[in-house]
There are 2 protein chains.
Amino acid sequence: MFQSYAIARDAAAQGQRCGATPVAPKDDTIRLKADEAVYSEGEYAFAIYQVEAGAVRIYRLTSNGQRYILSFCGKGEWFGLEKGNVRTDFAEAVCETRLRLFRSNRDAVVPIDLLHIALTNLAKAQCKQLVITEQSALRRVAAFVQEMANLHPGEPEFDIMMSRSDIADYLGLTVETVARSFTKLREKRILCLTGKLQRVVRLLDREALIALTI
Amino acid sequence: MFQSYAIARDAAAQGQRCGATPVAPKDDTIRLKADEAVYSEGEYAFAIYQVEAGAVRIYRLTSNGQRYILSFCGKGEWFGLEKGNVRTDFAEAVCETRLRLFRSNRDAVVPIDLLHIALTNLAKAQCKQLVITEQSALRRVAAFVQEMANLHPGEPEFDIMMSRSDIADYLGLTVETVARSFTKLREKRILCLTGKLQRVVRLLDREALIALTI
DNA sequence: CGCCTTCTTGATATGGGTCAACCATGGTGG
DNA sequence: CCACCATGGTTGACCCATATCAAGAAGGCG
């Protein structure tokens, strides 16, 4: 996808040592409201993004219209790096979100380590594969809560922001099963839920939560 | 992990265009028998590999001893590129296999596009996520057969080499369910199985197979 | 021959999907 | 202000797909 990536490839093919270093112009900050799109499948991929605040969901639609969420990206995380130059998935703000956009641009000012980003995303995807294939619904939801908790280190209470339907499409479950799993976690006194949409989590027993995700 | 990768990072941090280009000495070919290990979890990661012939399974072991196969790598595919410098998974030959090893080495002769490899593996992992979460056992097995068929283009009959247990651990199913799915595919006249271990597939109805995987 | 491994098939149990109802909250318009 | 509706979450009843347990078939090998 990336221009500079293509440049890097060509240079590498000629035996030179040459990396991809796209660049951010002075101010390429994007502000999005909940559910606003960053990009869609089929579009030309001209940039990558870093989340400054809020969260983004990356998803695909199957031929029968099912949505499958590949990943959520929180503060500091990168997304939008693709193999080709056409988007293969959709990116949308989960809630009010601020992004920083980095176009492919030779005149590097802020160099970006694309390989590091790619490998981080690969590791994330592999970890998710384990969670999804090996574990029961309760464990998957526990792993998800754990993941969210890690985005808010030290905070006893945090807003997960995603709807039950987001969580379901992320974990490969149904909304009902997600809701039931949350009530089980409540019954086990592992967490409690507050907020009008029950999206604010207070962890009561982090040990027990971790024990579930093993 | 990779030395040259670290080098690339530093160079990039100085605003230069500089890529990672590990190198293959004249002859770093590895020959393995079935089930021989390439590397194991915890080892120091000093190289990446390309499959020249045969196949490799990349897997992890969960705390309860369950094996989970992240991917199979066939002819031409690369593996062993990690984020850190310690192996997080195991790599083993599925059958008699020949690999080419590429150490991290500045004195590039054969430059390698690590970003391309990372993004290819990421795309593969994402595709697998979709298969596993969205689909029934029959569809997963169909997708697997499809994947194997793609490694043997034009051949009407091919040996998948993996055991039922490999396939099960790859698709997040049990051996029994995999066997049942294969018999369903036979009953539907989509393929037939031969060979003493029923691992040689002859595709009878490729259309129907593809229709299942959609 | 007996024992092993790998695959297959059958019987049964269960986790989670599906369908349906209900609750809480918030917005809209009369 | 209240009646109405829409949205998102929870809960219950039922059923099916797949895990689990168990046994059998086919080949390899000492």
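Pairs passing the ring-ring contact (aromatic ring centres under 6.0 Å, His included) check and including a residue from residues 150-169 of chain B, sequence neighbours excluded, read B/His152-B/Phe158.
B/Gln126 and A/Arg60 share a side-chain donor-acceptor pair at under 3.5 Å. Side-chain contact annotation: B/Glu147 with B/Tyr170, donor-acceptor N/O pair under 3.5 Å present.
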(Q) I'd like to compare against my own output: the B/S/- annotation of nucleotides 5-19 of chain C with a strict under-4.0 Å heavy-atom distance to protein. (A) -SSSBBB----SSBB

Q | Stepwise side-chain contact (heavy atoms from CB on, under 4.5 Å) check, B/Ile48 with B/Phe79 | A | CA-CA 6 Å; B/Ile48 63 173; B/Phe79 66 95; over 6 Å; no

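The distance between atom CG of B/Asp169 and atom P of D/dT18, rounded to the nearest whole Å, is 17 Å. One atom, CD1 of B/Ile132, and another, P of D/dT18, lie 14 Å apart when rounded to the nearest Å.
Cation-pi contact between A/Arg164 and A/Phe182: present, with separation from the ring centre below 6.0 Å and deviation from the ring axis of at most 45°.
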